[in-house]
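Encoded as structure tokens, the structure appears first; notes follow it.
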Number of protein chains: 2
Amino acid sequence: MTKPTDDQLAKLGAAFDGFARRYKLADPDGIERSLNEIDKYTLRFVADHPGCGPTDLARYLGVPTTTASSATDRLARRGLLQRDRVEGDRRAVALRLSAEGEALVADLVAAYRALCRMMLERLSPTERDSFIGMITKIVYHDD
Amino acid sequence: MTKPTDDQLAKLGAAFDGFARRYKLADPDGIERSLNEIDKYTLRFVADHPGCGPTDLARYLGVPTTTASSATDRLARRGLLQRDRVEGDRRAVALRLSAEGEALVADLVAAYRALCRMMLERLSPTERDSFIGMITKIVYHDD
DNA sequence: CCAGATATGACGATATTCGTACTATTCAAT
DNA sequence: ATTGAATAGTACGAATATCGTCATATCTGG
């Protein structure tokens with residue numbers, strides 16, 4: 001397989017820089033700022049895995065369990081998720097979103113989706129599927 | 001202009017999730033981990049703007065000047081950048097990378113470039129320019 | 001029944017962000 | 001020249017975050 005040219009690498013790098021930059025500066029005081037990165041990932045993970053425990057979360061995020069524990073504690077204090085006891089294993093806790101947490105995740109997902117929409121709208125309808133196909137290939141191609 | 005479909009949005013969102021995730025978990029103990037995000041951006045900004053001051057940096061990063069000042073202080077203590085006095089304005093300091101800082105930025109850029117290369121190699125040569133063109137359009141298209 | 005694995009949290013060391021307040025300069029307009 | 005406002009930078013401290021170490025409760029295989 002031919003190698004990417006230096007010019008291609010430079011252009012792609014510059015584009016990603018610009019992307020990260022715009023994405024970060026775009027939302028100066030929205031939902032994004034009220035939660036830190038780990039907390040946002042936590043809420044989304046719990047939304048997708050109701051009943052999971054802090055240890056599952058830690059594995060998923062690649063952080064120590066104490067960090068995950070802190071995060072769930074923080075979010076529970078803010079009323080965004082609840083820690084239920086599990087019957088069958090009395091060591092474990094089952095994490096679930098509260099109603100408020102569900103609402104916040106919905107907002108997060110909506111904001112995220114709006115970002116995706118804005119990106120796709122800058123492409124022609126023909127390009128959109130092509131772009132999605134390529135980025136999917138990049139992300140999920142294992143080797 | 002037709003709107004992106006829900007299916008397209010979902011696929012793109014999932015791909016970005018996967019991307020962010022792989023990118024973060026990929027490098028458990030490389031250069032990336034030894035510096036925090038702001039410090040990495042700072043080094044790269046100073047590399048591109050030698051002689052700039054903390055205030056320029058703060059504007060660029062969208063953080064308070066005290067945060068930028070902390071970052072430059074931290075990096076200066078670690079010997080990665082130096083703060084020179086400027087003749088012509090005795091309030092200002094001119095930030096420059098030290099030799100060690102230059103070396104570290106070179107490593108960072110190389111790692112970044114390697115990531116870009118890996119991504120492009122997963123596409124066919126024909127797709128590469130197409131992908132770069134589309135992502136460039138997404139990032140730089142103003143409206 | 002017991003050794004070892006597992007789930008979780010308490011606590012503290014260290015580090016980061018950022019608001020407030022301060023100093024040293026420079027600039028602009030009289 | 002003078003002086004009041006704007007500007008560059010930083011010191012300091014409060015609030016907060018990560019994560020290592022240690023303790024506790026519980027499960028599980030033999």
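On a predicted model such as this, the values are computed, not experimentally measured, just so you know. Hydrogens, waters and symmetry mates play no part in the numbers below; they use all other heavy atoms, side chains included.
Contacts of B:Asp89 with the nucleic acid, taken as non-hydrogen atoms under 4.0 Å apart, involve only primed sugar atoms and P, OP1 or OP2. Here B:Asn36 lies in heavy-atom contact (under 4.0 Å) with sugar-phosphate atoms only. Residue-level contact check: A:Arg83 touches the backbone only, with heavy atoms under 4.0 Å from sugar-phosphate atoms and none from bases. When heavy atoms are screened at a 4.0 angstrom cut-off, B:Arg78 is found touching the sugar-phosphate backbone but no base atom. Within 4.0 Å of A:Thr55, counting heavy atoms only, lie sugar-phosphate atoms of the nucleic acid but no base atom.
We find that CG of A:Leu75 is positioned 10 Å from P of D:dT18, with the value rounded to whole Å. When the C1' atom of C:dG9 is taken as reference, atom CG of A:Leu57 falls 15 Å away, rounded to whole Å. Rounded to an integer number of Å, the gap from CZ of A:Arg85 to P of D:dC27 is 10 Å. Rounding to whole angstrom units, CG of residue A:Asp73 and C1' of C:dC11 are separated by 13 Å. Put simply, CG on B:Leu35 is 11 Å from P on C:dT17, counting in whole angstrom units. Note: CG (B:Leu61) to C1' (C:dT17) measures 13 Å, nearest angstrom. B:Asp84 has its CG atom 15 Å from the C1' atom of D:dG9, to the nearest Å. Rounded to whole Å, the distance from CZ on A:Arg77 to P on D:dA17 is 8 Å.
Looking at the side chain of B:Arg74, the nearest of the listed nucleotides D:dC19, C:dT17, C:dT20 is C:dT17. Closest to the A:Pro54 side chain, of the nucleotides C:dG9, D:dA8, D:dA11, is C:dG9.
For B:Arg122 and A:Tyr140, the positive end is not near the middle of the six-membered ring at less than 6.0 Å and at most 45° from its axis. For the pair B:Arg44 and B:Tyr112, the distance from NZ or CZ to the six-membered ring centre is under 6.0 Å and the angle to the ring normal is within 45 degrees.
In terms of phosphate contacts, A:Ser70 brings no side-chain nitrogen or oxygen within less than 4.0 Å of OP1 or OP2 of D:dA17. Not one side-chain nitrogen or oxygen of A:Ser69 sits closer than 4.0 Å to the OP1 or OP2 atom of C:dT8.
Between the side chain of B:Arg91 and the base of D:dT7, at least one donor-acceptor pair of N or O atoms lies under 3.5 Å.
Here the CD atom belonging to A:Glu102 is positioned 4.5 Å from the CG atom belonging to A:Leu97, to the nearest 0.5 angstrom.
The aromatic rings of A:Tyr60 and A:His49 sit tilted relative to each other, their planes meeting at an angle between 30° and 60°.
Residue B:Asp56 is the one, among A:Gly88 and B:Asp56, whose nearest nucleotide of DNA chain D lies closer to the 5' end (criterion: closest heavy atom). Between B:Ile38 and A:Thr65, the one whose closest nucleotide on DNA chain C sits nearer the 5' end is A:Thr65.
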Could you go through B:Asp17 and B:Arg21, starting from their C-alpha distance and side-chain angles, then the distance that decides it, and tell me whether this counts as salt bridge (Lys or Arg N to Asp or Glu O under 4.0 Å)?
CA-CA 6 Å; B:Asp17 273 356; B:Arg21 195 169 155 58; over 6 Å; no
